[in-house]
Asker: 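Below are the structure tokens for one structure; questions will follow.
Every chain is numbered from 1, with letters handed out A, B, ... down the list of sequences.
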Amino acid sequence: MKCKKITGLLMALVVLFGALTGCASDGSNADRKVVVGAAMPVFDDKWLSYLYDAMKDGAKDKNVDLKMVDAKNDSSKQLSQVEKFATEGVDVIVVCPVDTAAVKPMVNVAKQANIPIVIVNRIPPKDVMKDVDSYVGSESIKGGIIQMEEVAKILNNKGNVAIMTGQLGHEAQVKRTVGNKEVIQKHPDMQIILEGTAKWQRAEGIQLMENWLQSGKKIDAVVANNDEMAIGAIKALKEAGKLDETVVAGVDGTPDALKYVKSGDLDVSVFQDPVGQGKGAIDTAVKLAKGEKLKDKMVWIPYELITKRNVQEFEERWDVYNKNKSN
Amino acid sequence: MKNQQTIEKQAPVNGRVRVDWKEKGSEVVSRYGIFLIFLGMVALMSILTPHFFTYFNLINVVRQVSFIGIVAMGVTFVIITKGIDLSSGSVIALVSVMAASFAQGGHSLVVPILIGLGIGALTGLINGTIATKGMIPPFIATLGMMTAARGMALLYSNGRPIGNLTDSFLFMGSGDLLGLPFPIIMFLVMGLISHLLLNNTKFGKSTYAIGGNEQAARICGINVDRHLILVYTYAGFLTGIAALMLTARISAGQPSMGVMYELDAIAAAVIGGTSLTGGIGTIPGTMIGALIIGVLNNGLDLMNVSSYWQQILKGIIIVTAVLIDSRKNRKS
């Protein structure tokens, strides 16, 4: 009886694996596809999940065999994944680095194997970039600058700013904050009165904002490194009845955040285009695989400012994207 | 903090009768040691920043810790039996996305609540069953659940938040009852229930007995496996409650929620005097432990201490608090 159950379970597992691997090997007999190995930092991230979907879509359009792996935010794991791609002999390696400071060994691996390497979304330092075949993405620092410039405009260039940062040490946390501060330094009547991390999370954003609200300091603007934390701040501000007198700004322009922009709760967001970056990465990878010359090594996908005035436009973009996806 | 009492409970031997007042004094210190440390911290924060000791801020702190606090109560049961539960954070995420998907209107409020509590309890049941029947160390069994539950949460939600929750659901996170935020009420109610369960029932006595000496407990006729499964199920159930309230608090089900919460919960229990070697621990202690973490977070934020320093200070203060407490226990 017990034995039967176990055999049944095993058979179910075999069938399941068969189904899963079956999907992956579909159409492998067709004329040779470009094989792209994509080493991604972590699957558990909302914004990145749009980037991954865009890469998958792009791969489908261009008839690319895309192998995507999750480094679970572990740089050494990511390196071993890149090494594996190199030994498998993929045509192009695409890396979205866990840590931009740890990209060099990956680039070396790719170079030794003579495989082109494309970095997406997070830009490594200059000395590493010279060996990279292409970079597709935005400049985090610009996101911070665009965001803070709009906040400064709303505040008439004066007031107290609280900066809510992402997970400490992440490239986007560091650079966006640097961008914020660059703008603030230009305005003598603006000062940073509070700075703390909410680790990219909404729940942490609520908590940090609640604590800040008790600090007795007058806060004119809360500038967060991403939208999720900004939404957290909005919740806490609303509860304290102080949302109307406080400017809130985020970065990312996720569908969720756009709703808050539309309702006027979130004053500023900055759109980082995951679809542009994801498709751009695949396009570039295909060009490199076919030996085409790139027009420009740096493929910039610009940040775009979102306010209540133009929020409609971005909602339509997501609509189109989501529709395409469901087809 | 309850060290002495529990030891006496288990081994009422060396018949000590003479009342020694000095000893009595140190017993008070040892029993209420962590509570005194907590009061000391509150006093210190009140001196350092005038914004700490206000009604609104204190309410704020208690509400913030109520989520982790409830999880930590279950973890206390588990640790008393010499086990550990690493899955709480991921289970929070799984419960969050599943309950949220049924809280977008169209269902009665009962549905997401039952699903949330059910999923929470079920993960605990699985943890307990794998640990006991599979004879796998709880560390590994719950580590597996930690990984798998996070994966399931991501799969179920496609990695994205689930929003647009109904107002009645949101009440669990932001509503007030009897002039107090709902999470605080639940924190107190679940604290009372858990305390009574641990101190005044056979279930609680068996929990201590298993942690004190599993072999002896078995010989005494306690069905150890069944009991442990129930303990993990209760821990999962409490995690489910916390997850529902947290989801309501941020008004979205999120697969990325609760990362590292398991460690905060374990820290709260251990700060509150629960011994990782089993057999020792109390619910009020754990509640104080959670409050200590909350006061620390809050006070450091109020003073705008740099985030880098906050992490260093938190580490030092948590270890110091436990050190002082264990020193007191050893002396007595």
Asker: With a sphere of 6.0 Å drawn around NZ of A/Lys199, does it hold more than 12 non-hydrogen atoms of other residues, nucleotides or ligands?
Answerer: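 Counting other residues, nucleotides and ligands, NZ of A/Lys199 stays at 12 neighbours or fewer.
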Asker: Please identify, among A/Trp200, A/Phe43, A/Tyr50, A/Trp212, the residue contributing the most non-hydrogen atom pairs under 4.5 Å to chain B.
Answerer: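 Ranked by heavy-atom pairs under 4.5 Å with chain B, first place is A/Tyr50.
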Asker: Counting only non-hydrogen atoms closer than 4.5 Å, does A/Gln207 touch chain B with its backbone (N, CA, C, O), its side chain (CB onward), both, or neither?
Answerer: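 A/Gln207 touches chain B through backbone and side-chain heavy atoms alike.
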Asker: So which of B/Leu302, B/Leu154, B/Asn60 has the largest heavy-atom pair count under 4.5 angstrom toward chain A?
Answerer: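 The residue among B/Leu302, B/Leu154, B/Asn60 with the greatest pair count is B/Asn60.
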Asker: Which atoms of B/Phe67 come close to chain A, meaning under 4.5 Å heavy atom to heavy atom: side chain ones, backbone ones, both, or neither?
Answerer: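 Neither part.
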Asker: Is it true that B/Arg249 and A/Glu210 have a side-chain N and a carboxylate O under 4.0 angstrom from each other?
Answerer: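 Looking at A/Glu210 together with B/Arg249, the answer is yes, because their closest N to O distance falls below 4.0 Å.
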Asker: Determine the sole option in B/Asn297, B/Asn298, B/Asp301 for which the side chain to side chain contact (heavy atoms under 4.5 Å, CB included) test with A/Leu208 is passed.
Answerer: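 Going through the options one by one, the only one that passes is B/Asp301.
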Asker: Using side-chain heavy atoms (C-beta onward) and a distance below 4.5 Å, is B/Gln311 in contact with A/Leu168?
Answerer: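 Yes, side chains in contact.
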Asker: Is chain A contacted by the side chain of B/Thr49, its backbone, both, or neither, given a heavy-atom distance below 4.5 Å?
Answerer: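 Contact with chain A involves no heavy atom of B/Thr49 at all.
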Asker: Does any heavy atom of chain B fall under 4.5 Å from the side chain of A/Tyr52, the backbone, both, or neither of them?
Answerer: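 Neither the backbone nor the side chain of A/Tyr52 comes within 4.5 Å of chain B.
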Asker: Using non-hydrogen atoms only, which part of A/Ile193 is less than 4.5 Å away from chain B: side chain, backbone, both, or neither?
Answerer: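 Interface part for A/Ile193: backbone (N, CA, C, O).
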Asker: Among B/Met257, B/Met303, B/Arg63, which residue forms the greatest number of heavy-atom pairs with chain A at distances under 4.5 Å?
Answerer: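 Heavy-atom pairs under 4.5 Å are most numerous for B/Arg63.
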Asker: Quick one: OG on B/Ser251 to CD1 on A/Ile234, what's the gap to the nearest 0.5 Å?
Answerer: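 Here the rounded value is 10.0 Å.
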Asker: Starting at CD1 of A/Ile206, measure out to OG of B/Ser174 and round the result to the nearest 0.5 Å.
Answerer: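 With rounding to 0.5 Å, CD1 (A/Ile206) is 7.0 Å from OG (B/Ser174).
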Asker: Under a 4.5 Å heavy-atom cut-off, does chain A meet the side chain of B/Gln310, its backbone, both or neither?
Answerer: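 Contact with chain A is absent: no heavy atom of B/Gln310 under 4.5 Å.
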Asker: Closest heavy-atom contact between A/Thr197 and B/Ser307?
Answerer: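 A/Thr197 and B/Ser307 have their closest heavy atoms at N-OG, 3.1 Å.
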Asker: Can you tell me which portion of B/Ser157 sits under 4.5 Å from chain A's heavy atoms? Options are side chain, backbone, both or neither.
Answerer: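 No part of it gets close to chain A.
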Asker: If you look at every heavy atom in B/His51 and A/Gly216, which pair is closest and at what distance?
Answerer: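 For B/His51 and A/Gly216, the tightest heavy-atom pair comes out as CE1-CA, 3.5 Å.
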Asker: Please find the pair of heavy atoms, one from B/Ala252 and one from A/Arg202, that lie closest to each other, and give the distance.
Answerer: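 Taking every non-hydrogen atom into account, CB-NH1, 3.4 Å.
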Asker: Is there a donor in the side chain of B/Gln64 and an acceptor in the side chain of A/Asn211, or the other way round, less than 3.5 Å apart?
Answerer: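 Note: B/Gln64 and A/Asn211 side chains meet the donor-acceptor criterion.
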Asker: Tell me whether the count of non-hydrogen atoms from other residues, nucleotides or ligands lying under 6.0 Å of NZ in A/Lys217 goes above 12.
Answerer: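 Enclosed: over 12 neighbouring heavy atoms sit under 6.0 Å from NZ of A/Lys217.
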Asker: Side chains of B/Arg160 and A/Asp256, heavy atoms from C-beta outward: is any pair under 4.5 Å?
Answerer: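 Answer no - side chains too far apart.
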Asker: Walk me through whether A/Lys259 and B/Asn164 qualify under side chain to side chain contact (heavy atoms under 4.5 Å, CB included).
Answerer: CA-CA 10 Å; A/Lys259 282 184 214 142; B/Asn164 293 328; 3.9 Å; yes
Asker: Do A/Glu195 and B/Ser306 have side-chain heavy atoms sitting under 4.5 Å apart?
Answerer: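 No - every pair of side-chain heavy atoms lies 4.5 Å or more apart.
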